[in-house]
Amino acid sequence: MAWQLFRLGRWSFVHRRAVAAIWVVLLAVLAVGAATLSGKTSDKFELPGIESTQAFELIEQRSPQASPDGATARVVFEAPAGRSLTEPAYNSAVATALRELSTENVQSVADPFTGGTLSPDGRVGYAAVTYSKTANELADTDRSALETAAHNAEDAGLDVAIGGDALTEFEMPLAEVVGIAVALLVLAITFGSLVAAGMPLLTALVGVGIGMLAITTLTGFVELGSTTPALGTMLGLAVGIDYALFIMSRYQSEVRAGRSLEEAAGRSVGTAGSAVVFAGATVIIALVGLAVCNIGFLTQMGLAGAFTVAIAVFISLTLLPAILGFAGDKVMKGKPRYLKQQTGETEYRTHGRRWVEGIARHKGLALAGGIAVAAVAALPMASMQLALPDDSSKPAGSDARIAYDLISENFGAGANGPLVVVVDTANAPDPAAAVQTVTEDLQSMAAEADSDIATVVPAVTSDTPQARQIFAQQLETVGFATITVVPASGPSDQATKDLVADIRTTVADLPADTGARALVTGQTAVGVDIAGKLTEVFPIYLAVVVGLAIFLLIAVFRSIWVPVKAALGFLLSVGVALGATVAVFQWGWLNELVGLDTTSPVLFILPILLTGILFGLAMDYEVFLVTRMREAYVHGTPARQAVIDGFAHSARVVVAAAIIMIGVFAGFALVDDVILKSIGFALAVGVLADAFLVRMLIVPAVMLIVGERIWWMPKWLSPLVPAFDIEGEGLARRLDTERAEPLEERVLTGS
């Protein structure tokens with residue numbers, strides 16, 4: 001493979017105009033596609049087959065005009081201190097505002113005066129608005145109606161705040177700016193030249209642009225989650241810069257060794273490019289592996305991320321050498337100070353060499369200390385709680401947060417996330433009696449001393465004969481009824497999750513007793529169900545992804561213990577990342593540093609998403625770090641010395657790559673969107689732990705302790721594993737035997 005990549009890199013260098021033109025044309029075509037075919041993204045988290053989703057499907061089948069998972073808005077009205085919304089002027093202002101909310105997509109508007117959502121002192125009330133379409137499908141007129149109603153009520157002297165997801169509009173954050181700024185600074189220091197520093201940035205931005213335009217075009221055909229493009233941007237920018245950085249670093253090393261620019265481009269792609277291919281492959285395997293979870297939005301995230309990573313690999317292997325061809329020897333100007341005295345490839349002393357020599361002198365202490373630090377940092381993970389994000393995690397002062405807090409203070413936190421019990425009476429001999437049984441069971445639960453139920457709203461609120469008759473007729477028509485359960489605790493509280501399980505246990509005997517069945521749904525129930533499903537599939541996912549990646553790394557390093565060591569080190573990195581996330585987001589430690597002013601459970605998809613992404617990135621650093629060690633070893637350097645020499649060569653560029661990636665992820669940790677914030681934070685901490693604690697400390701300590709045995713592989717296995725020559729040993733031999741043939745002729749003939 002190294003030889004084929006060598007030819008590709010050299011060909012791209014020589015035919016730079018054609019290569020650049022191909023990528024520019026592709027970028028332009030996708031830009032046109034994105035402008036003309038793009039659709040909207042979605043914020044829905046759904047999973048077929050779980051109880052909460054089955055309840056939504058039942059309602060939609062039996063009552064097609066209903067949209068149980070449509071957008072919602074909670075319009076909260078607050079009168080001045082000492083006043084009441086029941087006063088004629090304020091009552092009229094609220095009524096006028098509610099009329100202004102009506103659009104063609106509004107299903108219902110619950111009046112606070114008749115719907116029981118007026119506080120005891122009459123000062124605060126809220127209207128629950130439901131829509132027939134999801135938030136991303138709402139028209140501008142729907143949002144304008146909400147804003148107009150709020151402004152008019154404010155003109156009448158009321159304070160108005162709007163919660164729910166109806167006004168949520170996802171915008172791509174400016175977090176990329178932070179990552180790009182960090183990357184430019186690190187690259188300029190690493191290469192000592194703005195020209196050289198700009199090349200990895202340019203190729204990464206082209207790759208991200210192509211990836212995002214392709215994903216945006218795809219939204220015209222497939223509904224994608226709103227975080228999918230952002231995740232693709234995050235990964236594409238991070239790995240795109242890093243992959244180009246590794247190849248650029250090797251290119252400069254080859255030129256300093258006396259190679260011609262063409263040959264240096266080919267050799268850098270043949271050697272460092274081989275590492276890029278396998279590093280990218282591990283990331284892609286980890287991301288595509290999310291599909292084994294069979295959860296739609298996770299599969300979308302994984303495939304989108306894998307696509308942008310693949311684009312980053314292809315860009316690094318082709319467009320980067322083409323740009324190097326345009327730049328000529330300009331990329332060699334401004335040599336860093338620590339390379340000015342370099343006279344060979346292994347003799348100069350760097351901070352990396354001093355560091356690994358220190359580890360060699362105290363390898364046992366380094367290993368024990370690294371593992372101890374990782375174990376302590378991972379301890380908070382033991383108390384991790386998972387949940388869907390809600391308005392309680394929005395920034396202080398935002399409309400959604402104000403609305404959430406007002407409702408919590410006046411009606412209880414559970415009013416922000418009521419549960420819905422759907423009673424399916426299609427097979428019940430007496431449908432009304434079945435619904436009454438469920439209602440009485442829930443009311444009995446609410447009457448218990450330690451109950452977390454604040455209110456049970458029956459399916460029929462009036463006990464008159466006429467109301468019961470109308471209700472019975474409706475049951476015969478649609479075959480279901482809904483009972484609302486308002487918890488005492490908030491939507492993301494553990495007590496509410498426990499309540500979901502308790503209700504399901506209580507109604508478990510309903511089919512045997514009445515012929516009906518009861519399904520618990522609502523956003524909180526959806527989160528509980530998906531978290532449970534993720535817990536079930538996580539071991540399968542981990543086994544598939546880690547197994548495939550270990551096999552790939554066995555082929556790369558021709559060793560059993562190097563891949564096993566890499567996987568175990570990755571587990572430490574995940575533990576540190578999740579532990580830090582729990583400490584900051586759930587416990588509130590130093591949470592103001594990432595713009596939080598409240599605590600909340602960990603995003604329910606974060607553990608499995610973090611595992612997939614971080615595993616791929618961790619294997620990146622393993623490949624880039626250990627490849628140079630393997631290269632020294634196969635060229636005859638003793639095993640322990642090979643660790644030192646390989647580390648000295650690769651540490652600088654691995655550290656630079658890690659800092660860039662941390663900067664990119666940290667930029668996303670500073671945005672307001674709690675989903676992106678938690679993903680960005682966890683990835684930044686995970687990369688920090690993996691690069692500096694695991695790969696820079698634990699890995700060399702283990703390899704120095706184990707010595708020659710680290711490269712052991714059973715003789716029977718060796719013929720079964722393909723050889724990829726990632727160290728470029730075969731490439732070097734082949735080039736040496738072809739020295740007699742002029743390089744220009746070989747380029748023209750394509751040999």
Side-chain angles (χ1 to χ4, degrees), residues 2 246 249-250 253-254 256-257 267-268 270-276 278-279 342-364 366-367 370 552-569 618-655 657 691-692 694-715 718 721 723-733 736:
F246 289 121
S249 177
R250 188 60 180 251
S253 177
E254 294 292 342
R256 292 190 185 101
R267 281 180 177 265
S268 61
T271 52
S274 296
V276 165
F278 282 100
Q342 178 181 348
T343 57
E345 286 297 305
T346 61
E347 297 304 322
Y348 66 95
R349 291 184 60 78
T350 63
H351 294 303
R353 182 172 289 275
R354 296 187 185 96
W355 172 261
V356 73
E357 287 174 349
I359 294 175
R361 290 191 296 270
H362 309 285
K363 45 187 176 290
L367 177 60
L552 187 63
L553 291 176
I554 289 174
V556 171
F557 295 119
R558 314 294 296 177
S559 164
I560 292 292
W561 299 122
V562 169
V564 171
K565 166 193 59 65
L568 294 176
M619 295 306 102
D620 275 6
Y621 298 125
E622 181 75 13
V623 169
F624 291 124
L625 185 66
V626 181
T627 294
R628 292 304 292 262
M629 300 177 184
R630 172 73 179 175
E631 185 174 343
Y633 177 71
V634 299
H635 283 88
T637 305
R640 289 181 173 84
Q641 187 61 40
V643 172
I644 295 174
D645 291 346
F647 189 97
H649 276 289
S650 54
R652 173 174 60 91
V653 71
V654 169
V655 167
F692 293 99
V694 175
R695 309 303 156 187
M696 293 285 113
L697 181 64
I698 295 176
V699 164
V702 170
M703 297 187 73
L704 287 165
I705 291 172
V706 178
E708 188 88 22
R709 290 168 295 174
I710 198 72
W711 303 111
W712 175 80
M713 186 167 71
K715 292 182 179 180
S718 184
V721 178
F724 293 106
D725 187 30
I726 196 171
E727 304 84 12
E729 183 182 15
L731 172 63
R733 287 199 305 267
D736 290 341

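Hydrogens, waters and symmetry mates are skipped; everything else that's a heavy atom, side chains included, is used.
Put simply, the side chain of R250 never gets that close to the backbone of R267: no donor and acceptor are under 3.5 Å apart. With hydrogens and angles disregarded, no donor-acceptor distance shorter than 3.5 Å links the side chain of R630 to the backbone of A642. At distances below 3.5 Å, at least one donor-acceptor pair connects side-chain atoms of S559 with backbone N or O atoms of I710. Side-chain atoms of W355 come within 3.5 Å of backbone N or O of M696 as a donor-acceptor pair.
Of the residues listed (I698, L697, V699, I644), the one engaging I359 in a side-chain contact (heavy atoms from CB on, under 4.5 Å) is L697, and it is the only one. Each of R640, R353, R628, H635 was compared with D645 under the side-chain hydrogen bond (donor to acceptor under 3.5 Å, both in side chains) criterion, and only R353 meets it. Of the residues listed (V702, L625, L704), the one engaging V643 in a side-chain contact (heavy atoms from CB on, under 4.5 Å) is L704, and it is the only one. Among the candidates V562, I560, V623, the single residue satisfying the side-chain contact (heavy atoms from CB on, under 4.5 Å) test with L553 is V623.
Looking only at side-chain heavy atoms (C-beta outward), H351 and V655 stay at 4.5 Å or farther from each other.
Applying the side-chain hydrogen bond (donor to acceptor under 3.5 Å, both in side chains) test to K565 and every residue at least two apart in sequence or in another chain returns E622. Remark: A657 pairs with D242, L245, F246, Y621 by the side chain to side chain contact (heavy atoms under 4.5 Å, CB included) rule, at least two apart or across chains.
I705 and R709 get closest at one heavy-atom pair: O-NH2, 4.2 Å. Across every non-hydrogen atom of S249 and R652, the tightest pair is OG-NH2, 4.0 Å. Across all non-hydrogen atoms, the minimal contact from A701 to A366 is CB-CB, 4.2 Å.
The CD atom of E631 sits 7.0 Å away from the OG1 atom of T271 when rounded to the nearest 0.5 Å. Separation of atoms OG1 (T627) and NE2 (H649) is listed at 13.5 Å; rounding is to 0.5 Å. In this structure, the separation between OG on S718 and CE on M713 is 4.0 Å, given to the nearest 0.5 Å.
Within the structure, the side chain to side chain donor-acceptor pair (under 3.5 Å) test picks out the following pairs touching residues 699-708 (sequence neighbours left out): Y633-E708.
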Walk me through whether M703 and W711 qualify under side-chain contact (heavy atoms from CB on, under 4.5 Å). CA-CA 9 Å; M703 297 187 73; W711 303 111; 3.6 Å; yes
Quick one, V653 with F624, criterion side-chain contact (heavy atoms from CB on, under 4.5 Å). Give me CA distance, side-chain angles, the key distance, then yes/no. CA-CA 9 Å; V653 71; F624 291 124; 6.0 Å; no
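The pair R354-E357 does not count as a salt bridge, with every side-chain nitrogen at least 4.0 angstrom from each carboxylate oxygen.
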